[in-house]
Amino acid sequence: MCTYSGKVFRATLTFLALSLLIPSLAALCFLESPIEPHSLSYQVPPLMTGVLEPNLKLRKAERLYEGQLVGPESLANIGDVLFTGTADGQILKIEDDQIHTIARLGRPPCGTRDNEPNCGRPLGLRVGPNGTLFVADAYQGIFEVNPTTGAVVQLVSSTTPVQGKKMSFVNDLAVTSDGRKIYFTDSSSKWQRRDYGYLAMEGTDDGRLLEYDTLTKEVKVLMGGLRFANGVQLSPAEDFVLVAETTMARVRRYYVSGLTKGGVDTFVDNLPGFPDNIRASSSGGYWVAMSAVRLNPGFSMLDFLADKPWIKKIVFKIFSQETVMKFVPRYSLVLELGEKGSYKRSFHDPNGEVVTFISEAHEHDGYLYLGSFRSPFVCKLNLKDV
């Protein structure tokens, strides 16, 4: 039997709880959210069976230069010399296991979120036909770097609007074999690279694929309306360009020559993860690095929140984007696509024990070099072992 004193205690406890909860909810309503989320719709992620069956193949990779560099986002080779750009704004040359700085696109200090725009953040990196490096810097634009002298020439400045829109997040690039055209992505005109979490969760559709003509110096927009435009890769015949649309878990295709020039379609949809950079594979297909996965069976936070913008708003009123991103599983996945977009192979590290935060899979001389947007190492996987 409930006594009078027990009833009073419960009533008092309820009153105290409500007196704390109601003002907290009221305060939450008045807090501004940093994002205005779009409502998105995804298909059910593909089952992780067959070619997508989870495995431990990425754990056969070797970590290189651990603690000697941070965030080697993109990788390229000239012979056996490896080049990359890092989170501290440097372009590095790695030769005979020695790391050398050949250029810096921004200026120090570096190492913090506030410093990143001035420090610069090299992302996509390619070798051109004349043996120079072409680099996409998230904050500054497109550069050509002489790998011998370190001389830097800016080709495209992010401060110059293109069709009335600024470029806030220059991401990846691809160069034609004759060096005439550079295709590159601007992930967003609203969000910078340091706010990539906001961009992914808001679902902003202001990403673009652009073309720079090295002869006429003109920049034009080829595709707009992309949600987090990311990795770029030319086809072997250079008749189309693939673009990773990260937030939508798909790869789009833009035809740059032939009868379908100017046409757009979807190369592969409903990927088992959110694609980052795309690079050519020796089989004539493409390596796609997944920045995060959509496990089925399993749980994907981004899929769950896709059509619930009001929850996203509340989450970002309470937590920082860094805190929210910690809830994304550290599951590493690289997918090889065939020339027509079919799944060929998948390499996994389910808990990110060896390979973490993959941004790119770059194939060279029988090895797969794995870049990362934040890890302090490069990974090297012998393709004969997998």
Side-chain angles (χ1 to χ4, degrees), residues 64-112 115-159 167 169-175 179 182-187 192-194 212 214 230-232 276-277 279 289 357-362 364 369-380:
L64 304 177
Y65 323 114
E66 190 162 5
Q68 300 179 58
L69 39 68
V70 179
E73 165 90 12
S74 184
L75 306 157
N77 278 86
I78 298 178
D80 289 329
V81 181
L82 186 67
F83 295 88
T84 189
T86 51
D88 53 4
Q90 297 187 89
I91 306 300
L92 303 179
K93 175 175 74 173
I94 305 173
E95 186 174 15
D96 298 327
D97 289 331
Q98 298 297 311
I99 300 176
H100 309 276
T101 300
I102 60 169
R104 181 183 287 278
L105 302 182
R107 59 184 185 275
C110 299
T112 69
N115 291 335
E116 192 171 279
N118 288 326
C119 173
R121 182 50 168 115
L123 297 177
L125 188 148
R126 300 282 191 164
V127 177
N130 296 324
T132 58
L133 303 175
F134 291 92
V135 185
D137 185 281
Y139 297 93
Q140 299 177 80
I142 306 296
F143 294 83
E144 186 174 10
V145 179
N146 186 309
T148 304
T149 67
V152 175
V153 177
Q154 187 170 34
L155 304 177
V156 179
S157 172
S158 294
T159 61
M167 293 183 284
F169 187 171
V170 178
N171 199 319
D172 194 24
L173 77 172
V175 184
I182 299 175
Y183 301 101
F184 68 98
T185 46
D186 178 35
S187 296
Q192 295 183 319
R193 196 219 74 93
R194 56 182 173 172
Y212 172 69
T214 59
N230 204 327
V232 184
D276 200 330
N277 284 355
R279 292 297 183 263
F357 307 114
I358 303 176
S359 55
E360 179 177 299
H362 161 67
H364 174 70
Y369 292 84
L370 304 167
S372 172
F373 58 91
R374 63 184 293 182
S375 296
F377 49 79
V378 173
C379 283
K380 179 181 179 181

Query raised in the report: Any chance the rings of F373 and F357 have centres within less than 6.0 Å?
Result: yes
Report the distance from atom [atom1] of [X] to atom [atom2] of [Y], rounding to the nearest 0.5 Å.
| X | Y | atom1 | atom2 | result |
| --- | --- | --- | --- | --- |
| I102 | T149 | CD1 | OG1 | 8.5 Å |
| K380 | L64 | NZ | CG | 6.5 Å |
| I94 | L75 | CD1 | CG | 7.5 Å |
| E360 | R279 | CD | CZ | 4.0 Å |
| Y139 | F169 | OH | CZ | 7.5 Å |
| Q98 | Y65 | CD | OH | 9.5 Å |

Under 3.5 Å: donor-acceptor pair, side chain of [X], backbone of [Y]:
| X | Y | answer |
| --- | --- | --- |
| H364 | G79 | yes |
| T185 | S187 | no |
| T101 | A103 | no |
| S375 | F377 | no |

For [X] and [Y], which I'm curious about, is there any donor-acceptor pair between the side chains at under 3.5 Å?
| X | Y | value |
| --- | --- | --- |
| H362 | N277 | no |
| N77 | Y369 | no |
| T86 | D88 | yes |

Would you say [X] and [Y] make side-chain contact, with heavy atoms under 4.5 Å?
| X | Y | answer |
| --- | --- | --- |
| D137 | F143 | yes |
| L133 | E144 | no |
| L92 | F83 | no |
| I182 | T214 | yes |
| F134 | L125 | no |

What closest approach, in Å, do [X] and [Y] show between heavy atoms, and which atom pair accounts for it?
| X | Y | result |
| --- | --- | --- |
| Y183 | V232 | O-CG1, 3.9 Å |
| S359 | P72 | OG-O, 4.3 Å |
| C119 | A87 | SG-O, 4.3 Å |
| P122 | G85 | CB-CA, 3.8 Å |
| V127 | A76 | CG2-CB, 3.8 Å |
| G131 | P147 | O-CG, 3.2 Å |

Report summary line: Across all chains, not counting sequence neighbours, the side chain to side chain donor-acceptor pair (under 3.5 Å) partners of Y212 are none
Requested in this report: Output all residues satisfying side chain to side chain donor-acceptor pair (under 3.5 Å) with R194, sequence neighbours left out; order by chain, then residue number.
Outcome: Q192
Query raised in the report: What do the steps show when you test S74 against R126 for side-chain hydrogen bond (donor to acceptor under 3.5 Å, both in side chains), and what is the final call?
Result: CA-CA 8 Å; S74 184; R126 300 282 191 164; over 6 Å; no
**Report entry** Stepwise side-chain hydrogen bond (donor to acceptor under 3.5 Å, both in side chains) test for S158 and Q140
**Finding:** CA-CA 5 Å; S158 294; Q140 299 177 80; over 6 Å; no
Query raised in the report: Hey, mind stepping through V135 and I142 against side-chain contact (heavy atoms from CB on, under 4.5 Å) and telling me if it holds?
Result: CA-CA 6 Å; V135 185; I142 306 296; over 6 Å; no
Query raised in the report: Can you name the one residue among D276, N230, N171, D172 that meets side chain to side chain contact (heavy atoms under 4.5 Å, CB included) with L123?
Result: N171
Report task. Begin from the C-alpha positions of E73 and R121 and carry the test side-chain contact (heavy atoms from CB on, under 4.5 Å) through to its verdict. Result -> CA-CA 9 Å; E73 165 90 12; R121 182 50 168 115; 3.9 Å; yes
